[in-house]
Amino acid sequence: MVYFVFDVVIFAGENVMPEQLSVRRDLLSRHVLPRLGEPIRESSQLNASLSDLITAVKTHGFEGIVAKRLDSRYEPGQRSGAWRKMRINQEQEFVIGGYTPGPRNFDALIFGYYEGDNLLYAARTRNGFTPASRAELYRRFRSLETSECPFVNLPERRGGRWGQGLTAEKMKECRWRHPVLVAQFEFVEWTPNGHLRHSKFIGLREDKDPKEARRE
């Protein structure tokens with residue numbers, strides 16, 4: 001295990017939180033870190049352009065970038081604009097196989113990918129929709145109704161750590177559709193049990209055959 005340090009708030013018994021981050025990091029690098037060794041390391045400043053950082057994050061499969069203004073003070077318990085978080089998502093196309101109903105049309109899409117001739121459930125999402133895209137999707141659903149679940153790996157035994165799993169009980173509220181609509185989705189990562197974490201609808205892919213939607 002390695003412990004990465006990026007800030008210091010108490011130095012030689014004095015509260016240095018009112019100092020700017022640049023000053024606190026200077027104290028850290030000149031007076032604190034030289035006295036320490038493994039497994040403690042400095043979380044160093046990344047001197048690179050944003051585009052280069054994004055490329056590096058994607059290459060290493062990291063989740064994203066966190067940055068803080070060098071002129072910021074330490075503000076315990078405050079959510080200020082000094083912090084910046086950028087999540088770098090993966091994306092690919094998936095096949096829509098159903099939805100869960102909402103007050104006006106649908107609440108969440110249920111989608112997956114093909115493995116051979118079998119459609120496997122990957123996730124469901126309620127993120128990324130506009131009123132117009134919801135209305136268009138719901139209109140397209142009307143001619144695709146089916147009573148049979150198109151996913152061969154459902155139901156699942158457990159709901160999963162982040163609730164992506166579809167158990168038999170949860171499937172009672174699902175509405176199934178013939179798997180002919182392909183859409184692009186963003187997501188953070190695949191979970192160990194084959195689901196997507198933090199997925200988001202981007203848009204329909206009219207140029208893709210459903211059988212082309214496979215796990216990338």
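Heavy-atom basis, side chains included; hydrogens, waters and symmetry copies ignored.
- A salt bridge between Glu169 and Lys172 is present, with a side-chain N of the basic residue lying under 4.0 Å from a carboxylate O of the acidic one.
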(Q) Using salt bridge (Lys or Arg N to Asp or Glu O under 4.0 Å), reason through Asp209 and Lys211 one step at a time and then give a plain yes or no. (A) CA-CA 6 Å; Asp209 184 277; Lys211 289 294 180 69; over 6 Å; no

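- Under a 3.5 Å cut-off, the side chain of Arg134 and the backbone N or O of Phe106 do form a donor-acceptor pair.
- You'll find the side chain of Val32 stays beyond 4.5 Å of the side chain of Leu27, heavy atoms only.
- Counting heavy atoms from C-beta on, the side chains of Trp190 and Arg215 come closer than 4.5 Å.
- Using modelled atom types, one side-chain atom of Glu156 and one backbone atom of Leu166 make a donor-acceptor pair closer than 3.5 Å.
- Looking at heavy atoms from C-beta onward, Trp176 lies in side-chain contact with Met171 at the 4.5 angstrom threshold.
- At distances below 3.5 Å, not a single donor-acceptor pair connects side-chain atoms of Arg177 with backbone N or O atoms of Gly97.
- Between Gln90 atom CD and Arg87 atom CZ the span is 11.5 Å, to the nearest 0.5 Å.
- Residue Phe201 comes nearest to Ala183 through the heavy atom pair CE1-CB, 3.6 Å, listed as atom of the first residue, atom of the second, then distance.
- In summary, the aromatic rings of Trp83 and Tyr74 are positioned with their centroids too far apart to meet the 6.0 Å limit.
- Checking side-chain atoms of Gln92 against main-chain N and O of Arg214 turns up a donor-acceptor pair under 3.5 Å.
- Here the closest heavy-atom approach between residue Asp107 and residue Pro101 is recorded as CB-O, 3.4 Å.
- With hydrogens and angles disregarded, no donor-acceptor distance shorter than 3.5 Å links the side chain of Ser199 to the backbone of Leu196.
- The pair Arg197-Glu63 meets the salt-bridge criterion, with a side-chain N (NZ, NE, NH1 or NH2) lying under 4.0 Å from an Asp/Glu carboxylate O.
- Of all the heavy atoms in Ala213 and Val95, the pair that sits closest is CB-CG2, 3.6 Å.
- Taken together through direct or relayed side-chain contacts under 4.5 Å among Ile, Leu, Val, Met, Phe, Trp and Tyr, Phe141 and Phe151 form parts of separate hydrophobic clusters.
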(Q) I'd like to know whether Leu36 forms a side chain to side chain contact (heavy atoms under 4.5 Å, CB included) with Arg41, so could you lay out the CA-CA distance, the side-chain angles of the two residues, the decisive distance to 0.1 Å, and finally the verdict. (A) CA-CA 8 Å; Leu36 304 174; Arg41 303 179 189 175; over 6 Å; no

(Q) Apply side chain to side chain contact (heavy atoms under 4.5 Å, CB included) to residues Phe185 and Thr125 and explain how you reach the verdict. (A) CA-CA 9 Å; Phe185 292 85; Thr125 189; 3.9 Å; yes

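- Separating the CD atom in Glu93 from the NZ atom in Lys208 is a distance of 4.5 Å, to the nearest 0.5 Å.
- With rounding to the nearest 0.5 angstrom, the NE2 atom of His195 is 10.0 Å from the CG atom of Leu120.
- Counting only distance, with no hydrogens or angles, the side chain of Arg205 and the backbone of Gly203 share no donor-acceptor pair below 3.5 Å.
- Judged purely by distance below 3.5 Å, without hydrogens or angles, the side chains of Asp52 and Ser49 pair a donor atom with an acceptor atom.
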**Q.** Full working for side chain to side chain contact (heavy atoms under 4.5 Å, CB included) between Leu119 and Tyr113
**A.** CA-CA 6 Å; Leu119 184 63; Tyr113 61 96; 5.6 Å; no

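- Between the side chain of Arg124 and the backbone N or O of Tyr121 there is no donor-acceptor pair closer than 3.5 Å.
- For residues 6-24, every residue pair satisfying the side-chain hydrogen bond (donor to acceptor under 3.5 Å, both in side chains) rule, not counting sequence neighbours, is listed here: Asp7-Arg24.
- In this structure, Phe111 is a member of the same hydrophobic cluster as Leu204, with clusters built from ILVMFWY side-chain heavy atoms closer than 4.5 Å.
- For His198 and Phe187, the ring centers sit 6.0 Å or farther from each other.
- A continuous path of hydrophobic side-chain contacts links Phe6 to Val66 [ILVMFWY only; heavy atoms under 4.5 Å].
- Checking Thr100, Leu137, Leu181, Asn127 one by one against Leu109, the side chain to side chain contact (heavy atoms under 4.5 Å, CB included) holds for a single residue, Leu137.
- Counting heavy-atom neighbours within 6.0 Å of Lys68 NZ, excluding the residue itself, gives a total above 12.
- Side-chain heavy atoms closer than 4.5 Å link hydrophobic residues (I, L, V, M, F, W, Y) into clusters, and following such links, even through other members, never connects Met17 to Phe11.
- If you run side chain to side chain contact (heavy atoms under 4.5 Å, CB included) between Asn105 and each of Phe129, Tyr138, Tyr99, only Tyr138 comes through.
- Residues Ile96 and Val182 are not in side-chain contact: their nearest non-hydrogen atoms beyond the backbone lie 4.5 Å or more apart.
- In terms of heavy-atom proximity, Thr167 sits nearest to Arg158 at CG2-C, 3.6 Å.
- Taking OG from Ser29 and CD from Glu42, the interatomic distance works out to 6.0 Å, rounded to the nearest 0.5 Å.
- Side-chain contact between Ser43 and Val5: absent, with no pair of heavy atoms (C-beta onward) separated by less than 4.5 Å.
- Looking at Pro150 and Pro179, their side chains come closer than 4.5 Å, going by heavy atoms from C-beta outward.
- Put simply, CG on Leu21 and CZ on Arg69 are 11.0 Å apart, with the number rounded to the nearest 0.5 Å.
- Side-chain heavy atoms closer than 4.5 Å link hydrophobic residues (I, L, V, M, F, W, Y) into clusters, and following such links, even through other members, never connects Leu70 to Val16.
- Side chains of Gln45 and Asn47: a donor on one and an acceptor on the other come within 3.5 Å.
- Side-chain contact between Glu75 and Ser80: present, with at least one pair of heavy atoms (C-beta onward) separated by less than 4.5 Å.
- Environment of CD in Glu38: crowded, with over 12 heavy atoms of neighbouring residues, nucleotides or ligands closer than 6.0 Å.
- Within a 6.0 Å sphere centred on CG of Asp71, other residues, nucleotides and ligands contribute more than 12 heavy atoms.
- Rounding to the nearest 0.5 Å places NZ of Lys170 at 11.5 Å from CG of Leu154.
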